[in-house]
There are 2 protein chains.
Amino acid sequence: MPTSKDVAEAAGVAQSTVSYVLSGKRPISEKTRKKVEAAIEQLTYQPNAGARALASRKTRVIGLVIPFIPELEMASIMEFVSVIASTARQYDHDILLVTEDEGAAGLRRVVGQQICDGLILMQVEDEDERLPVARTLNVPVLLIGIPRDPSGLVCIDADFEMAGEHCVRDLAAAGHSVISIIDWQPAVVNRHVNYVDRFMGGADAAAEALGVTVQHLPGGPDQATIADSVDRALAATEGVPAFIAPDRTVQDILRRALASRGLTPGVNVSIIGSATPTLAELQPIPLSTIDLRPAEVSRRAVKIICQLLEADSQGPHESLELVPTVITHRSSTLRPPHGA
Amino acid sequence: MPTSKDVAEAAGVAQSTVSYVLSGKRPISEKTRKKVEAAIEQLTYQPNAGARALASRKTRVIGLVIPFIPELEMASIMEFVSVIASTARQYDHDILLVTEDEGAAGLRRVVGQQICDGLILMQVEDEDERLPVARTLNVPVLLIGIPRDPSGLVCIDADFEMAGEHCVRDLAAAGHSVISIIDWQPAVVNRHVNYVDRFMGGADAAAEALGVTVQHLPGGPDQATIADSVDRALAATEGVPAFIAPDRTVQDILRRALASRGLTPGVNVSIIGSATPTLAELQPIPLSTIDLRPAEVSRRAVKIICQLLEADSQGPHESLELVPTVITHRSSTLRPPHGA
DNA sequence: GACCATCGTCGATACGCATCGATGATCTGC
DNA sequence: GCAGATCATCGATGCGTATCGACGATGGTC
């Protein structure tokens, strides 16, 4: 592997000049620059990351703490990971994976060894054991998700409250007066991520404002629970029933439960779920969705932390950004009576 | 951040002694070791990764090149990623994400900058543009997947040939004489990953050996194609029809197509799919599966590359490891007549 | 008790880059 | 045509660790 010293010799300049050509932190004459660039090209020189990190005290690596939830929602998590990694590259950074099973010690490790300059935490829980540690680390930390106490922390998440509100508002506009929300499955609820509460809060607020009824029913990966929820929903509804099912696993089971009761989405029952556009279109009856925009959340997350890294901010920052959700009508919901 | 020099001063020894305590590469007296360890503890010292990499020429980081396939099979990919990351930790290594959209240049970058000591490539295609680059990089590279020409490369993958063979063998044993394989969806087939061919080859070989008929039918995320495939399968079958659907997206559509034709898995039709045990159990009729064991493939992948890193092997290694697949009977297939 | 091997520790150096102060070269204005 | 300002480049140093050679202390041997 060639070093900057090799490049310097090939170009007939000092090593420091090579460094300045690369960083642009001092003016370099056109002639010298050309010579150096030619030497770099010819030797296929690439700066050594370790040496660079040692000298500059910056690794240009961001640690990404990924959650470990067997099975569930893995596809969604992968979308975050993938977009975060490619966005980081746009800011000339790389992503180091930190698995959740390392716990808070993992954060201390990667920051303490100075493997990375900052951290992104996914799936932040209400009372997350990693938060006290995150607050004392002297590097920028970006949370995806909003803990109970976000003081002194930088957070971003989808606007679940808006999501709940929009779902209820849309179903109400389509003429439904009773709306049933099937909860996320227990595996998610038990994680104490509070987006569940925020979603429900938004839905309840909208219901109150619009004078419609929202009832909350248990979800679950088992069919019995959901079948029971459906029956309770039907019993409580006059007219066309409406369901909101944010959890993707719940949706599949719900669809089957409705089908076996002679209910067809878009005809004599409405369903809104959360799903990516592609997945929604693949359904036999394309699903009306509330898009929680994981890609946009990921992009902004990287942008924010890169700005913090740029600023070299020492003082404890604090901010909270919510990404608007988007509701899309497809065929699984009734059309509003007035064409709205 | 404390340095090893700080630790040395606190313990009243030389910096090099601290280094030897940590590495164990020279004998250290019990007394000195205790003093140093106490100082490390008290200062919460952690070695600087950059300096360590610079001096030792080892980063203890492995680059993981993740595929970029919108939507499809993301959950499965996440399982690879997650298991690879946590297994790497067991070998005291970390994982750096490299996204596929960087292409072959990405490999050159992370290796050239010496950000990582080795690479794992996922979803290797038959004629992968990254392979010629991989061969010339002077670091260990581990492929998950088997290219057309694996010479000079180290590969691991699930044994798809065995998988195809076992599926056919099991269905034949259950009394089916005509077996229909619904192909992966076009998005997968068009990637030219050759596991599709290997699976089909295994199935065909088993069919020939057992004297049963295997027919290949197109899959696809659209219902029309699959519905058509089902009709063609039924037309060609006397007795109870049998389907093999390795693609998860195809499975869902297939299930609906069968249901709408009055066919119930395990009763008057057999289906074997590929899915994780958890997902298989969640189905209304638990799915008999061929498990391609992504977690086991991931673990072995990390093990192999860590051994190569350990060995500091310069010469071009070459190996090919296939992980046996596991077939599990649940309720979606007929039982063999003789209880076998 | 003199000699040599072994053990434990130290000091010095190298790793490759960023960065600071210094220096020579070129230009400005009078 | 000369003092001072600006520009481009160089040399030296430090970042924190691993590692090599050296060296004093200890133990055993005859």
Side-chain angles (χ1 to χ4, degrees), chain A residues 1-37 39-40 43-61 92 109-117 309 312, chain B residues 1-37 39-40 43-61 92 109-117 309 312:
Chain A
M1 295 278 180
T3 69
S4 61
K5 197 176 146 198
D6 298 332
V7 174
E9 280 173 17
V13 300
Q15 178 268 325
S16 56
T17 302
V18 175
S19 182
Y20 285 121
V21 167
L22 250 28
S23 71
K25 292 193 177 174
R26 286 210 182 159
I28 298 287
S29 72
E30 190 62 20
K31 203 177 103 201
T32 305
R33 168 177 296 117
K34 286 270 194 270
K35 275 193 305 184
V36 171
E37 282 169 354
I40 287 176
L43 297 175
T44 67
Y45 165 74
Q46 296 189 257
N48 179 295
R52 182 171 268 205
L54 185 56
S56 70
R57 317 183 132 284
K58 292 245 165 280
T59 64
R60 305 200 74 80
V61 170
D92 196 23
R109 182 178 69 84
V110 292
V111 172
Q113 296 185 1
Q114 298 173 61
I115 299 180
C116 55
D117 301 333
L309 290 174
D312 205 18
Chain B
M1 294 280 181
T3 68
S4 61
K5 197 175 145 198
D6 298 331
V7 172
E9 281 173 17
V13 301
Q15 178 268 327
S16 55
T17 301
V18 175
S19 182
Y20 285 122
V21 166
L22 251 27
S23 71
K25 292 193 177 175
R26 284 210 181 161
I28 298 287
S29 71
E30 191 62 22
K31 201 176 106 203
T32 305
R33 170 178 293 117
K34 286 270 194 272
K35 275 195 302 184
V36 171
E37 283 169 353
I40 288 176
L43 297 175
T44 66
Y45 164 75
Q46 296 189 257
N48 178 296
R52 184 170 268 206
L54 185 56
S56 70
R57 315 184 133 284
K58 292 242 164 281
T59 64
R60 306 199 73 79
V61 170
D92 197 21
R109 182 178 69 83
V110 292
V111 172
Q113 297 186 0
Q114 298 173 61
I115 300 180
C116 56
D117 301 333
L309 290 174
D312 205 17

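What you see below is based on every heavy atom in this structure, not just the backbone, and it leaves out hydrogens, waters and symmetry mates. In what follows, chains carry the letters A, B, and so on, assigned in the order in which the sequence lines appear, proteins first and then strands, with residues in each chain numbered from 1.
- In this structure, CD1 of A:Ile115 is placed 16 Å from P of D:dG16, rounded to the nearest angstrom.
- Here B:Arg26 contributes atom CZ and B:Ser19 contributes atom OG; the two are 10.0 Å apart, rounded to the nearest 0.5 Å.
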Distances under 3.5 Å only, N/O to N/O: pair up the protein atoms with those of nucleotides 18-25 of chain C.
residue: C:dA18; atom: OP1; partner: A:Arg52; partner atom: NE; Å: 3.0
residue: C:dA18; atom: OP1; partner: A:Arg52; partner atom: NH2; Å: 3.4
residue: C:dA18; atom: OP2; partner: A:Ser19; partner atom: OG; Å: 2.8
residue: C:dA18; atom: N6; partner: A:Gln15; partner atom: OE1; Å: 3.2
residue: C:dT19; atom: OP2; partner: A:Lys25; partner atom: NZ; Å: 3.1
residue: C:dC20; atom: N4; partner: A:Tyr20; partner atom: OH; Å: 2.7
residue: C:dG21; atom: N7; partner: A:Arg26; partner atom: NH2; Å: 3.3
residue: C:dG21; atom: O6; partner: A:Arg26; partner atom: NH1; Å: 2.2
residue: C:dG21; atom: O6; partner: A:Arg26; partner atom: NH2; Å: 3.3

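- Put simply, the residue from B:Val18, B:Leu22, B:Ile28 that forms a side-chain contact (heavy atoms from CB on, under 4.5 Å) with B:Val36 is B:Val18.
- Rounded to whole Å, atom P of C:dT6 lies 19 Å from atom CD1 of B:Ile28.
- Along DNA chain C, the nucleotide closest to A:Gln46 and the one closest to B:Pro27 are compared, and the more 5′ of them pairs with B:Pro27.
- A distance of 13.0 Å separates CZ of A:Arg52 from CG of B:Leu54, quoted to the nearest 0.5 Å.
- Checking the phosphate oxygens (OP1, OP2) of C:dA14, no side-chain nitrogen or oxygen of B:Arg57 falls inside 4.0 Å.
- One finds no side-chain N or O of B:Ser4 lying less than 4.0 angstrom from the OP1 or OP2 phosphate oxygen of D:dG16.
- Nucleotide D:dT17 holds its C1' atom 8 Å from the CG atom of A:Leu54, rounded to whole Å.
- Put simply, NZ on A:Lys5 is 7 Å from P on C:dC15, counting in whole angstrom units.
- Two residues are said to be in side-chain contact when any heavy atoms from C-beta on lie closer than 4.5 Å; B:Ile115 and B:Arg109 meet this criterion.
- Residues B:Asn48 and B:Met1 have side chains not in contact (no heavy-atom distance under 4.5 Å, counting atoms from C-beta outward).
- Residues passing the salt bridge (Lys or Arg N to Asp or Glu O under 4.0 Å) test with B:Arg33 are B:Glu30, sequence neighbours excluded.
- Atom CD of B:Glu30 and atom P of C:dC7 are 16 Å apart (whole Å).
- Across the protein-nucleic acid pair, A:Asn48 atom CG and D:dG16 atom P stand 16 Å apart, rounded to whole Å.
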